[in-house]
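Written out below as structure tokens is the structure these notes cover.
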Amino acid sequence: MNRIDQTFASLNQQNKTALIPYLTVGDPDVKATLDIIHELEMAGADIIELGVPYSDPLADGPVIQRASERALKSKVNIRTCMETARLARERGSKLPFILFTYYNPVLQTGLDVFFEEVVRHDISGLIIPDLPVEESEEVRKRAHAAGVHLIPLVAPTSHERIASIASEATGFVYCVSSLGVTGERSDFYSGVESFLETVKQYSQVPIAIGFGISSGEQVARFSKICDGVVVGSAIVRQIESTIPLLEKEETRQQGLLQIREFVAQLKGSCCVEAVMKGEANIE
């Protein structure tokens with residue numbers, strides 16, 4: 001059974017919502033990424049998205065773009081990211097890993113080699129934001145054969161495509177909370193709750209929401225109505241703010257502790273509100 005399925009099944013039995021942090025692999029360096037993965041797990045994260053740094057992102061806001069630039073300076077690529085997943089396993093990590101990558105690095109690796117590496121490095125899911133569902137059949141077939149989930153993104157602007165996207169999903173459906181690129185927000189798309197309800201109608205798998213979620217209050221809000229909440233830019237910004245601490249051995253633990261505390265606070269909000277799931281009045 002795929003680790004993602006196991007995680008959602010376990011959380012569902014406990015009436016809990018998954019906290020899914022995103023980080024950019026290699027920001028500020030691979031060793032720090034491995035340490036941060038450990039801190040995220042200790043803070044209560046349920047699934048981790050490993051972001052592949054990319055020079056020409058379509059969906060990433062300025063915070064994640066800066067993280068990619070820092071990682072790319074250290075020559076971090078898609079193979080580095082998969083190797084990081086393996087190293088994290090060797091250090092004892094039990095969490096499911098999702099590789100968040102644009103399609104070009106996959107294509108350059110070659111589909112045969114790519115899926116061999118994904119399986120060998122124990123990666124449970126893939127998110128490829130620039131691969132539309134209409135063009136994903138070959139990748140979906142290979143992912144299915146490998147026992148890996150190709151997780152689709154569905155946006156409020158998907159309209160009539162919501163049914164086809166959600167009905168083909170495995171693992172979970174990644175619901176985009178806002179229009180535009182990733183980044184911390186104080187407001188979301190005004191019809192986000194009804195959008196989520198529409199996705200639920202068509203999906204046979206859990207739904208998670210991401211893009212712009214940055215505070216405990218926002219995590220709590222969506223934990224009432226979603227199976228998972230993805231937090232990206234806010235965590236990447238937290239990492240960015242602690243780079244001066246992470247770069248010095250004598251202050252490294254201090255920086256890691258700050259990251260852990262931030263994520264633990266998000267997880268706490270997630271758990272408190274998840275018990276109200278199903279009781280929220282969605283208009």
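All values derive from a computational prediction rather than experimental measurement.
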* Given side chains that start at C-beta, do those of Pro156 and Val192 come closer than 4.5 Å, heavy atoms only? -> no
* Take Glu69 and Leu72 through the test side chain to side chain contact (heavy atoms under 4.5 Å, CB included) and record every step on the way to the result. => CA-CA 5 Å; Glu69 289 170 3; Leu72 288 170; 5.7 Å; no
* To do: State plainly whether one hydrophobic cluster holds both Phe114 and Tyr103, where clusters connect Ile, Leu, Val, Met, Phe, Trp and Tyr through side-chain heavy atoms under 4.5 angstrom apart.
  => yes
* Connected via hydrophobic side-chain network under 4.5 Å: Phe97 and Leu11 -> no
* Asked: Given the rule that I, L, V, M, F, W and Y join up when any side-chain heavy atoms are under 4.5 Å apart, are Val113 and Val118 in one cluster?
  -> no
* Salt bridge between Asp122 and Lys94, side-chain N to carboxylate O under 4.0 Å? -> no
* Identified side chain to side chain contact (heavy atoms under 4.5 Å, CB included) counterpart of Ile162 within the set Val173, Val154, Thr157 -> Val154
* Under a single-linkage definition using a 4.5 Å side-chain heavy-atom cutoff for Ile, Leu, Val, Met, Phe, Trp and Tyr, are Leu257 and Ile37 assigned to the same hydrophobic cluster? -> no
* Sub-3.5 Å donor-acceptor pair from the side chain of Ser203 to the main-chain atoms of Val199, do we have one? -> no
* With no hydrogens and no angle check, is any side-chain donor or acceptor of Ser68 less than 3.5 Å from a backbone partner on Pro53? -> no
* To do: Kindly indicate whether the side chain of Cys175, heavy atoms from C-beta on, has any atom under 4.5 Å from the side chain of Phe195.
  => yes
* Measuring from Thr24:OG1 to Ile239:CD1, what's the distance to the nearest 0.5 Å? -> 7.5 Å
* Asked: Excluding sequence neighbours, so at least two apart, what forms side-chain contact (heavy atoms from CB on, under 4.5 Å) with Lys141?
  -> Glu137
* Can you list the steps and then say if Ser164 with Glu168 is a side-chain hydrogen bond (donor to acceptor under 3.5 Å, both in side chains)? -> CA-CA 6 Å; Ser164 61; Glu168 293 283 353; over 6 Å; no
* Is there a path from Leu34 to Met42 through hydrophobic residues (I, L, V, M, F, W, Y) whose side chains come within less than 4.5 Å of each other? -> no
* Are Ile78 and Leu99 close enough, and set up right, to give a side chain to side chain contact (heavy atoms under 4.5 Å, CB included), and what steps lead you there? -> CA-CA 9 Å; Ile78 193 167; Leu99 196 69; 4.1 Å; yes
* To do: Mind listing the closest non-hydrogen atom pair of Val231 and Ile213 along with its distance?
  => CG1-O, 3.3 Å
* Could you tell me whether the side chain of Leu19 reaches within less than 4.5 Å of the side chain of Thr17, counting heavy atoms only? => no
* Asked: Can you name the nearest heavy-atom pair linking Pro28 to Ala32, along with the distance?
  -> CD-CB, 3.7 Å
* Asked: So, are Asp46 and Lys267 salt-bridged, with charged N and O less than 4.0 Å apart?
  -> yes
* With side chains defined as the heavy atoms from C-beta onward, is the minimum distance between Ile4 and Phe172 less than 4.5 Å? -> yes
* Asked: So, for Ile207 and Ile225, which heavy atoms are closest and what is the spacing to 0.1 Å?
  -> CD1-O, 4.3 Å
* Under 4.5 Å between any side-chain heavy atoms of Leu95 and Arg3, yes or no? -> no
* Ala43: partners by side-chain contact (heavy atoms from CB on, under 4.5 Å), with sequence neighbours left out -> Arg260, Val263, Ala264
* Show the numbers, then the answer: is there a salt bridge (Lys or Arg N to Asp or Glu O under 4.0 Å) between Glu41 and Arg91? => CA-CA 12 Å; Glu41 191 156 3; Arg91 290 180 55 166; over 6 Å; no
* Please round to the nearest 0.5 Å and tell me the distance separating atom CZ of Arg89 and atom CD1 of Ile123. => 9.0 Å
* Salt bridge check: are Arg142 and Glu138 linked by an N-O gap of less than 4.0 Å? -> yes
* To do: Report the C-alpha distance between Ser136 and Arg140 in whole Å, list the side-chain angles of each, state the deciding distance to 0.1 Å, and finish with yes or no for side-chain hydrogen bond (donor to acceptor under 3.5 Å, both in side chains).
  => CA-CA 6 Å; Ser136 66; Arg140 278 193 288 114; 3.0 Å; yes
* **Intermediate values then yes/no, side chain to side chain contact (heavy atoms under 4.5 Å, CB included), Val236 and Glu240** => CA-CA 6 Å; Val236 175; Glu240 183 177 55; 5.6 Å; no
* Are Lys200 and Glu197 ion-paired here, with the side-chain N under 4.0 Å from a carboxylate O? -> yes
* Asked: Nearest heavy-atom pair of Leu153 and Pro129: which atoms, and what distance?
  -> CD1-CA, 4.2 Å
* Point-to-point distance, once rounded to the nearest 0.5 Å, from CD of Glu217 to OG of Ser269 -> 6.5 Å
* What do the steps show when you test Arg70 against Asp29 for salt bridge (Lys or Arg N to Asp or Glu O under 4.0 Å), and what is the final call? -> CA-CA 8 Å; Arg70 289 190 292 269; Asp29 55 61; over 6 Å; no
* To do: Take Lys31 and Arg252 through the test side chain to side chain contact (heavy atoms under 4.5 Å, CB included) and record every step on the way to the result.
  => CA-CA 11 Å; Lys31 184 179 184 299; Arg252 190 179 190 85; 3.7 Å; yes
* **Check: Ile36 and Leu256 side chains under 4.5 Å, non-hydrogen atoms** => yes
* Asked: For the side chain of Ser74 and the backbone of Val76, is there at least one donor-acceptor N/O pair under 3.5 Å apart?
  -> no
* Gln258 side chain to Thr242 side chain, donor-acceptor N/O pair below 3.5 angstrom -> no
* To do: Describe, in one word, how the ring planes of Tyr102 and Tyr54 are oriented to each other, choosing from parallel (under 30°), tilted (30 to 60°) and perpendicular (over 60°).
  => parallel
* Is the shortest heavy-atom distance from the side chain of Asp27 to the side chain of Ile243 under 4.5 Å? -> yes
* Is it true that a side-chain atom of Ser167 and a backbone atom of Ala163 form a donor plus acceptor pair closer than 3.5 Å? -> yes
* Structure fact -> Smallest heavy-atom separation, Gly147 atom then Asn2 atom, equals O-ND2, 3.0 Å
* Asked: Out of curiosity, His149 NE2 to Leu126 CG, how far, rounded to the nearest 0.5 Å?
  -> 10.5 Å
* **Point-to-point distance, once rounded to the nearest 0.5 Å, from CD1 of Ile151 to CD1 of Ile127** => 5.0 Å
* CD/Glu134: more than 12 non-hydrogen atoms of other groups inside 6.0 Å -> yes
* To do: Would you check if there is a donor-acceptor pair between the side chains of Ser214 and Gln218 at a distance under 3.5 Å?
  => yes
* Asked: Which heavy-atom pair separates Phe262 from Ile235 by the least distance, and what is that distance?
  -> CE2-CG1, 4.0 Å
* Taking C-beta and beyond as the side chain, do Thr109 and Arg79 meet within less than 4.5 Å on heavy atoms? -> yes
* Structure fact -> Separation between OG (Ser93) and CG (Leu87), nearest 0.5 Å, reads 11.5 Å
* To do: Show the numbers, then the answer: is there a salt bridge (Lys or Arg N to Asp or Glu O under 4.0 Å) between Glu117 and Arg120?
  => CA-CA 5 Å; Glu117 294 293 291; Arg120 189 166 71 86; 3.1 Å; yes
